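What you see is a predicted model; the values in this text were computed from it and never measured. Residue numbering restarts at 1 for every chain, and letters A, B, ... go by the order of the sequence lines.
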Amino acid sequence: TAQDLPPSEEGSHLHKRSQPRVLQPDLQQESSDLKDECKEFVNKISQYQKIVEGLIEVKDEMTKEVETEKMKAIGARNLLKTVAKKREAQQQQLQTLIAEKKLQHERYRIEYEALRKVEPEQNEFIDQFVLQK
Amino acid sequence: MPSKITFLNSRSHQDLVSCVGWTTADEVYSCSEDHQILKWNLLTNETTLVVKLPEDIYPLDLHWLPKTVGGKKQNQAEIFVLTSSDGKFHLASKAGRIEKSVEAHKGAVLAGRWNFDGTALVTAGEDGQIKIWSKSGMLRSTLASQGSPVFSVAWGPNSDRIIYTSGRQLVIKPLQPNAKVTQWKAHDGFVMKIDWNSVNDLILSGGEDCKYKVWDSFGRLLFSSSPHDYPITSLAWAPDGEVFSVGSFNMLHLCDKTGWSYAVEKTNTLSIFHLAWSADGTQLAGACSNGHVIFAHVVDQHWQWKNFEITLTKRRSMQVQNVMNDAVDVLEFRDRVIKASFAHGHLVVATSLQCYVYKSNNWNTPLIFDLKEGTVSLILQAQKHFLLVDGAGLYVFSYEGQLISAPKFLGLRVDIINAQGVSLSNDTVAIRDKSDEKVILLFDALTGKPLGDGKPLTHKLEMLEIALDQCGPSAERKIAFIDKNRDLHLAFVRHLSQEPKICKIGSMVHSIAWNDAANILCGIQDSQLTVWYYPSIVFTDKDLIPKTLHLKDGGEFGRTPQILSFVGITVTLRQWDGSLVPSSVPHYPAMLHEYGASARWEDAVQLCRFANSPSLWACLAGMAMANRELNTAEIAYAAIGELPKVQNIKFIKEQPSKESHLARLLLFSGQIQEAEAVHLQAGLIYQAIQVNIDLFNWDRALELAVKHKTHVDTVLAYREKFLQKFGRKENNKRFMHYAEGVEVDWDKIQAKIEVELSKERERDANAKSSSALWR
């Protein structure tokens with residue numbers, strides 16, 4: 001092709017297969033340089049893209065991780081909240097049970113008091129009966 | 001009495017359970033919003049799917065047709081009613097087949113309940129209407145209609161009234177048209193559930209204000225709980241009316257009929273939407289919103305008698321503790337314990353199939369016999385035998401396990417008999433007639449036949465509580481009862497032909513019990529404990545009643561305590577908050593009763609002197625008079641300073657003849673007609689007339705005199721004297737008529753009287769000598 005051929009005189013260039021050459025040899029040299037540079041540039045760009053892609057990937061991974069961690073944190077926080085609530089409910093129920101037991105205790109106390117009142121009455125009777133009869 | 005709660009985890013519903021119902025004592029049906037009907041077997045712990053309902057049926061309420069229909073016995077409930085959110089109710093068979101679906105309401109049918117004899121059904125809907133249906137599902141009437149949904153409905157004890165919710169109010173409406181409707185505000189929030197017990201006639205309501213309340217059938221508040229943490233979502237009376245259960249969010253309560261709570265269980269099943277007791281009242285099923293059905297049974301019940309304490313530790317075992325020596329026995333049963341009673345040295349335990357009788361001195365070898373009908377609802381004990389009430393009737397058994405009798409009468413409804421309405425003694429069974437509460441039916445306990453001429457004892461008011469005395473000869477059996485005015489009355493059970501004499505012995509009495517060993521009665525009178533040492537004194541000398549009372553300060557018992565038992569010298573009371581309060585009464589009256597019964601009068605006098613208490617002397621006076629023991633009576637009356645009575649007794653002792661003696665004794669206890677009859681029977685006309693004159697019973701005196709043509713002048717003379725003394729003029733026409741022809745001469749009259757008296761003396765002497773000759 002054109003670059004392989006040496007330039008001919010008078011600005012007219014001929015192909016080595018005797019085809020006319022349209023471009024001047026210096027221009028051709030420049031365009032060929034440009035082409036090389038472009039090629040290099042493209043290579044560089046694609047390399048850059050690769051790097052960026054890698055970066056994005058890493059970032060995405062990070063995001064995902066962050067996301068899961070976030071969810072975890074929210075879950076944990078909620079769990080904490082429910083535990084508190086659960087504890088409250090449990091406390092409430094235990095309180096009810098305690099109140100119930102207290103009532104029962106009070107009943108036993110009253111019964112005990114009543115029985116204690118009976119005791120001296122009985123003793124008095126026994127004394128009276130044993131001593132006087 | 002905590003309840004024990006069990007879960008059956010084999011299978012459960014996927015959605016909230018809306019309703020449960022018992023078929024037998026061990027089988028429960030449950031309905032859920034997942035459209036399934038499950039059957040839970042408690043014996044095998046299995047759950048099986050009965051039927052899957054169509055997707056559009058969301059069940060809301062379930063109720064099995066009651067077992068007793070028209071007196072005929074059916075062993076198992078066969079059909080049930082299921083109400084659903086699409087405005088229909090369905091009659092379904094045991095196999096789950098829907099026999100009939102009836103379009104009943106606009107909007108959901110929120111409740112459907114059979115009446116107690118299973119002849120009618122009531123449904124309540126979201127549209128605010130209440131409809132009554134026949135057994136086959138034909139509309140009978142629309143009973144009520146209101147603007148707001150009716151959440152719950154229940155039948156009254158005689159199935160002649162219903163109660164339903166109306167917002168915050170409760171409404172009792174009789175089925176009879178134009179009858180009076182009772183309506184009252186019950187809760188501060190919507191009333192969610194109600195139930196009405198047929199045995200104790202009490203109403204239970206629970207509402208969104210997180211409270212449950214107990215009402216009587218007049219709408220008077222008897223108990224109100226403190227507010228709970230969550231609204232009350234379910235409640236149910238146990239069939240015998242002794243306890244009820246209340247369900248709420250994660251919570252199940254078991255309460256006494258007076259409201260105080262036996263036990264609370266946290267269930268962790270979310271809200272309990274429906275509660276149902278098994279027919280024998282020992283087990284409870286609850287429908288929970290997490291898809292479970294919970295089962296609870298009552299354990300840890302206690303019975304006490306003298307030095308023994310018995311605890312139901314498990315469903316099939318009891319523990320007996322002798323507190324004198326701390327000996328512990330364990331009693332095991334083949335089946336579930338349904339009822340037990342412990343008195344008079346015998347423990348009677350009814351399980352679902354058998355009856356066990358233990359003696360308190362031998363816990364190893366009980367006497368066991370089979371029961372015909374499983375569900376014993378009441379056991380009453382007397383010294384010689386006990387009474388069982390089950391679904392079929394009343395039976396008196398001896399402690400040897402023999403059936404002695406089975407009292408029956410027309411209109412007997414055993415399902416509503418409670419301990420206040422029936423009483424047993426060694427020889428008599430008394431039952432308050434439920435159809436007419438003014439009447440007590442009396443039966444001979446040994447034959448089961450009505451007593452005497454078969455006429456029941458009739459009072460002028462409805463009676464609330466009846467109790468037969470436990471000791472003494474059967475001829476002197478007495479019944480004490482409290483009427484609607486809270487007056488306490490006493491009457492002889494075996495009265496001879498004439499009208500029974502009903503004597504009032506106290507007022508404002510709330511609860512009564514006879515002693516188990518002597519005829520001493522105790523009661524709660526105006527919130528203080530009152531003991532009638534000798535209640536039958538009312539028949540001989542009723543002026544002495546206040547003197548024979550033993551009062552115990554009421555402050556310590558709180559309001560309206562109930563008497564549980566009166567054994568030996570200990571009265572056991574249950575306070576309003578459920579605490580047991582034992583209280584002792586003096587020993588002496590029981591001893592005095594013993595002496596009196598065995599006619600050891602000298603010992604009795606000695607006892608009274610020793611104890612030196614006026615009430616005891618008063619008792620002795622009454623006892624001695626009742627037994628015509630005049631010497632003792634004289635001493636006793638003298639000791640309490642009743643001088644006129646002492647003189648009266650002296651006068652009685654001086655009577656010339658046996659008949660006059662008897663007549664004067666009758667007069668002493670106010671039996672005027674009897675006294676007169678005794679005189680007339682013995683031919684002592686003058687004495688009969690004189691009795692009437694002494695009582696200023698002029699007309700009768702004159703009538704007798706004219707009839708027997710003697711002593712007309714005597715009557716007229718005394719009448720004249722009487723009129724003169726009070727400065728009045730004769731205005732009685734008969735006296736004016738007879739006075740015309742008769743001349744009054746006091747000397748003559750005195751002579752005549754002398755003659756009569758000497759005649760009487762002579763007669764008596766003759767009778768004595770002739771009887772001496774005969775000997």
side-chain contact (heavy atoms from CB on, under 4.5 Å), that's the test. Do B/Ile569 and A/Glu121 meet it? Break it down for me. CA-CA 11 Å; B/Ile569 56 149; A/Glu121 285 172 26; over 6 Å; no
So B/Ser579 and A/Glu106, side chain to side chain donor-acceptor pair (under 3.5 Å) or not? Walk me through it. CA-CA 8 Å; B/Ser579 42; A/Glu106 178 64 14; over 6 Å; no
Could you go through A/Thr96 and B/Lys266, starting from their C-alpha distance and side-chain angles, then the distance that decides it, and tell me whether this counts as side-chain contact (heavy atoms from CB on, under 4.5 Å)? CA-CA 9 Å; A/Thr96 328; B/Lys266 25 181 218 164; over 6 Å; no
Going through the distances and angles, do A/Gln93 and B/Glu265 end up as a side-chain contact (heavy atoms from CB on, under 4.5 Å)? CA-CA 9 Å; A/Gln93 284 185 333; B/Glu265 285 284 336; over 6 Å; no
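Within a 6.0 Å radius of CD in B/Gln606, no more than 12 heavy atoms belonging to other residues, nucleotides or ligands are found. For B/Glu602, the CD atom is loosely surrounded, since the number of other residues' heavy atoms within 6.0 Å does not exceed 12. Residue B/Glu594 qualifies as open at atom CD: its count of foreign heavy atoms under 6.0 Å is 12 or below.
In terms of heavy-atom pairs under 4.5 Å with chain A, the best-connected choice from B/Pro586, B/Gly578, B/Ala611 is B/Gly578. Annotation: maximal heavy-atom pairing with chain B below 4.5 Å, among A/Arg109, A/Gln92, A/Glu113, occurs at A/Gln92.
Relative orientation of the A/Phe129 and B/Tyr588 rings is tilted, given thresholds of 30° and 60° on the angle between their planes.
Residue B/Asn268 holds its CG atom at 8.0 Å from CD of A/Gln90, rounded to the nearest 0.5 Å.
Contact check for A/Ile110 versus B/Asp577: side-chain heavy atoms found under the 4.5 Å cut-off. You'll find the side chain of B/Tyr262 stays beyond 4.5 Å of the side chain of A/Glu100, heavy atoms only.
For B/Asp229, the part lying under 4.5 angstrom from a heavy atom of chain A is the side chain only. Using a 4.5 Å cut-off between heavy atoms, A/Leu97 contacts chain B through its side chain alone, with no backbone atom that close.
Annotation: ring-ring contact (aromatic ring centres under 6.0 Å, His included) contacts involving residues 78-115 of chain A, sequence neighbours excluded, are absent.
Minimum heavy-atom separation, A/Val118 to B/Ser583: CG2-CA, 4.2 Å.
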